[in-house]
Every structure is written in C-alpha cells, then in structure tokens.
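Source: prediction; values computed, not measured.
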Amino acid sequence: YPQSTTVWTSLATLNRLIDDFPQIVMLKHEEFPGLRKITQLREQSQNDGRRRISVLVGNNGLYIPQEMRRGADGMMTGFSFPEMLVGVHRLFDAGKPEEAEDLFDAYLAPLGYTRGESSCGYACSDHASWTQAGFPAAMYDEGPFFPLLHTRQDTLANLGGDAQHATIIARLGLAFM
C-alpha cells in the first residue's frame, strides 16, 4: 500500500514489468493520487501496442467511479457493501457511468457523507487492522465536525454538554450490522 510504505511504482517500471513478465495479468491499483496513472496505462496499451492487463482498484472503494471512468476493470476492495460493487460494475459495463456514480453516492448520502481525502489515508487508520482481520470497518474523520478531537480540549463540556455529534458515528457503525 503506497500511502503507508511510501513506495511508489512509476509508469515506466509498470510497463517494463508488464512487457518482461507475461505472467503478470492484473494490477491492483491503490495509489493516491493515481487516476492519471490508470489513464496513461490504458493509453499506452492502446496506442503503443502494449499488452493490456486487468486493473482492479482498492483504496476501500473510495474512488471507484473515477477509477472506472479512467479504465479500471473492476474492484478488489474491502468495501462493506458488495451489492454496491456489483451494481456499479454492471452499470459501467452497460455504458451508464452516471447511474453507476449515483449508485455509489447513494451508499454515502444517507449517512450524510461525501467523498474526501485525508493526508494519511486509510492505511494509517486504526480501522485498517480490523478490515484486514475480516471485520467490516470504515475510517471516519470527525475533524470537520469537531476540530478539538484528540486534543486536551476534547471534552464533553466543549461539545456543548452533549455528544450529539456522536450519533453520526453511531449510525455509520450500525450500517455495518
């Protein structure tokens, strides 16, 4: 996982590996940002006559619509709603990328979430180890709602005397049940 290992594979290196090792048939793409790399890999395969390999995306499913638009073939991720993954893939295959993106967003919207970025990414979340152990998990950043999080001022008094903001987190947790 490049975001935690800080090891990034250049497009030139990928192409050389693909050219030199015919047993490589799939790339699991998890770099962020990496949309340009998917586009360039697809363009070079088509324009330069390079062998085309399958590209499956991970990153906990955070960028599926964008990655599919760039030429990814599918997903290999720990996203907790496999029916969404299947639905999005089928809609892209049917030439309906807008509907696929709407379906993707529908899984985020009921909980009041939108897509975003963190400087660290999912890899340095304490939730990643739960996912790796087979338990559904999500990285939720409550910083935008409560900027005092994990500081000395992170107290009930500074939350206005209640923990109402925690209902958002509880709803996210219940979504996994």
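Across all their heavy atoms, Lys37 and Leu14 have their closest contact at CD-CD1, 3.8 Å. Taking each heavy atom of Pro97 and Phe92 in turn, the nearest pair found is CB-CE2, 3.5 Å. What you find for Met75 and Leu56 is that their closest heavy atoms are N-CD2, 4.0 Å.
One distance of note links CD of Glu43 with CG of Asp48; it measures 9.5 Å at 0.5 Å rounding. Considering CE of Met76 and CG of Leu85, their distance stands at 12.0 Å, rounded to 0.5 Å. Separating the OG1 atom in Thr9 from the CD atom in Glu31 is a distance of 6.0 Å, to the nearest 0.5 Å. Between the CD atom in Glu101 and the CG atom in Leu103 there is a gap of 11.0 Å [rounded to 0.5 Å].
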List the atom pairs, donor and acceptor, that lie under 3.5 Å between side-chain atoms in residues 17-24 and the rest of the protein, sequence neighbours left out.
unit_1, atom_1, unit_2, atom_2, d
Asp19, OD1, Arg50, NH1, 3.0
Asp19, OD2, Arg50, NH1, 2.2
Asp20, OD2, Arg16, NE, 3.4

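Contact check on Glu67 versus Arg69 returns no salt bridge, with no Lys/Arg side-chain nitrogen under 4.0 Å from an Asp/Glu carboxylate oxygen.
Side-chain contact between Arg90 and Val86 is present, with heavy atoms from C-beta onward closer than 4.5 Å. Contact annotation: the side chain of Met26 never approaches that of Asp73 to less than 4.5 Å [non-hydrogen atoms, C-beta and beyond]. Under the 4.5 Å side-chain criterion, counting only non-hydrogen atoms from C-beta, His89 is in contact with Met68. Under the 4.5 Å side-chain criterion, counting only non-hydrogen atoms from C-beta, Thr39 is not in contact with Leu35. Using a 4.5 Å cut-off on side-chain heavy atoms (C-beta onward), Gln44 and Leu11 make contact.
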Report the C-alpha distance between Lys96 and Asp102 in whole Å, list the side-chain angles of each, state the deciding distance to 0.1 Å, and finish with yes or no for salt bridge (charged side-chain N to carboxylate O under 4.0 Å, His left out). CA-CA 10 Å; Lys96 300 176 181 178; Asp102 289 345; over 6 Å; no
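One N or O on the side chain of Arg42 and one on the backbone of Gly71 form a donor-acceptor pair closer than 3.5 Å.
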